[in-house]
Amino acid sequence: MLRRQLDQTLPGRTIVAAEITRPTMFVSPTGLPLEVVRGRTILGVRRRAKMLIFDLSDALALLVHLKLAGQLAHRRGDEVLAVGGHPVPRCDAPLPHRSSHGRFDLDDGSVLWLTDIRVFARVWLLPAAEVDELLRDRKLGLEPFDPAFTRAYLRQALQRHRTLPIKSALLEQTRFVGLGNIYADEALIAAGLHPERAAGSLGDDEVGRLHGAIQAVLRYAVEHGPADLPRGRVRDGAEFPRAHGRAGLPCLTCGAELRRIKVGARSTDFCPSCQPAAS
DNA sequence: AACTACTCCTGGAGGC
DNA sequence: TGCCTCCAGGAGTAGT
């Protein structure tokens with residue numbers, strides 16, 4: 001969603017100034033200073049797993065990982081051209097926010113803002129030729145819409161984590177990528193699987209349900225934007241979030257009260273009725 | 001190789 | 001209203 005928006009508004013724009021005020025947020029593996037992006041043109045915006053890749057002219061690239069609270073907003077004055085990531089600050093809030101730690105000024109007067117209230121987001125600057133190596137080092141698994149991500153692949157991936165809770169296995173990025181804490185909960189409630197089930201204990205039909213749920217959740221996220229709304233509110237007509245952030249509220253399917261537990265130190269919301277401990 | 005615990009940060013929510 | 005405490009959460013790393 002965010003990548004699609006940015007890939008509509010940014011290509012062709014030239015960076016006239018760039019600043020990242022938090023040193024920890026900027027990573028330059030080859031020592032290139034951020035200033036070298038000045039005068040470079042943005043050619044396109046790609047995505048690999050949870051990394052956004054901005055291809056620049058002169059064989060440079062910027063990589064951005066928003067982590068858990070990062071937000072990118074492309075603005076021209078008060079006009080919002082593109083926005084995505086964490087919901088704080090609100091998409092129509094005046095920028096810079098006090099947590100706006102990065103800005104890229106573009107040749108048409110618009111600005112790409114990076115705001116992160118937790119300061120966990122990272123921006124890498126490196127030669128384009130080294131992007132693949134950086135991504136390879138992260139040992140990322142398959143994209144869930146890769147044709148190779150089949151039910152059989154998922155079953156095999158889960159078998160490698162026999163005793164690990166299924167919720168924890170879904171967050172592991174080395175077999176397949178894209179699910180964070182929220183979407184993992186959403187995939188599990190859609191598949192009707194208890195988050196503490198052992199990953200290796202799923203039957204073929206359960207793996208099939210999970211496979212479909214993972215793709216459905218991520219397809220919805222790509223088309224409609226993040227499920228991350230404050231306090232579990234559900235957008236009018238929206239399918240998500242059905243689980244995450246809704247502990248104590250009634251299940252949208254059966255009306256039972258959703259529960260919150262910790263799985264692998266991660267907050268996990270689920271429906272005790274729709275997601276039984278064993279099937 | 002699989003798994004757990006710890007770390008990084010600080011805005012915002014909730015308690016009183 | 002305002003001060004205080006605690007929670008969230010991706011992923012790298014060290015240790016078992």
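Predicted, not measured: the structure shown is a model, and the values here were computed from it.
- Of the side-chain N and O atoms in A:Arg260, one or more sit less than 4.0 angstrom from OP1 or OP2 of C:dA8.
- With DNA chain B read from its 5' end, the first of the two nearest nucleotides for A:Leu164 and A:Arg266 is the one closest to A:Leu164.
- Distance A:Leu68 CG to C:dG12 P: 13 Å, rounded to the nearest Å.
- Checked against the 6.0 Å centroid threshold, A:Phe149 and A:His211 count as a close aromatic pair.
- Nucleic acid contact for A:Lys262: sugar-phosphate only, since backbone atoms but no base atoms lie under 4.0 Å from a heavy atom of the residue.
- Taken from CZ in A:Arg246 to CD in A:Glu257, the straight-line distance is 11.0 Å, to the nearest 0.5 Å.
- A:Met25 places its CE atom 13 Å from the C1' atom of B:dC8, with the value rounded to the nearest Å.
- Using a 4.0 Å heavy-atom cutoff across all strands shown, A:Ser99 reaches sugar-phosphate atoms only and no base atom.
- Side-chain contact annotation: A:Thr14 with A:Thr41, donor-acceptor N/O pair under 3.5 Å present.
- With distances taken from any side-chain atom of A:Arg118 to the nucleotides C:dG9, C:dG10, B:dG12, the minimum falls on C:dG9.
- Distance from the side chain of A:Arg22 is smallest to B:dC9 among B:dC9, B:dG11, C:dA8.
- Minimum atom distance to the side chain of A:Thr163 is reached by B:dC3, of the listed B:dG11, C:dG9, B:dC3.
- At whole-Å resolution of the value, CD in A:Gln159 and C1' in B:dA1 are 16 Å apart.
- Each of B:dC3, B:dG12, C:dG10 was ranked by its minimum atom distance to the side chain of A:His161; first place goes to B:dC3.
- Side-chain contact annotation: A:Thr9 with A:His74, donor-acceptor N/O pair under 3.5 Å present.
- If you measure from atom CZ of A:Phe120 to atom C1' of C:dC7, you get 12 Å, rounded to the nearest angstrom.
- Residue A:Trp113 holds its CH2 atom at 12.0 Å from NE2 of A:His97, rounded to the nearest 0.5 Å.
- In this structure, A:Arg175 reaches the sugar-phosphate backbone alone: every heavy-atom distance under 4.0 Å involves primed, P, OP1 or OP2 atoms, never a base.
- In this entry the distance linking CG of A:Asn181 with P of C:dA11 reads 11 Å, nearest Å.
- For a distance-only test at 3.5 Å, the side chain of A:Arg162 fails to qualify as a donor-acceptor partner of the base of B:dA2.
- An OP1 or OP2 oxygen of B:dC8 is reached within less than 4.0 angstrom by no side-chain nitrogen or oxygen of A:Lys67.
- Distances were taken from every side-chain heavy atom of A:His244 (C-beta onward) to each of C:dG9, B:dG11, C:dG12; the shortest belongs to C:dG9.
- When distances run from any side-chain atom of A:Arg160 to the nucleotides B:dA2, B:dC9, C:dA8, the shortest one goes to B:dA2.
- Rounded to an integer number of Å, the gap from CG of A:Leu170 to P of C:dA11 is 14 Å.
- The shortest distance between the side-chain N/O atoms of A:His65 and the OP1/OP2 oxygens of C:dG10 is not below 4.0 Å.
- When distances run from any side-chain atom of A:Gln173 to the nucleotides C:dA11, B:dG12, C:dG9, the shortest one goes to C:dA11.
- Counting to the nearest Å, the C1' atom of C:dA11 and the CG atom of A:Leu179 are 15 Å from each other.
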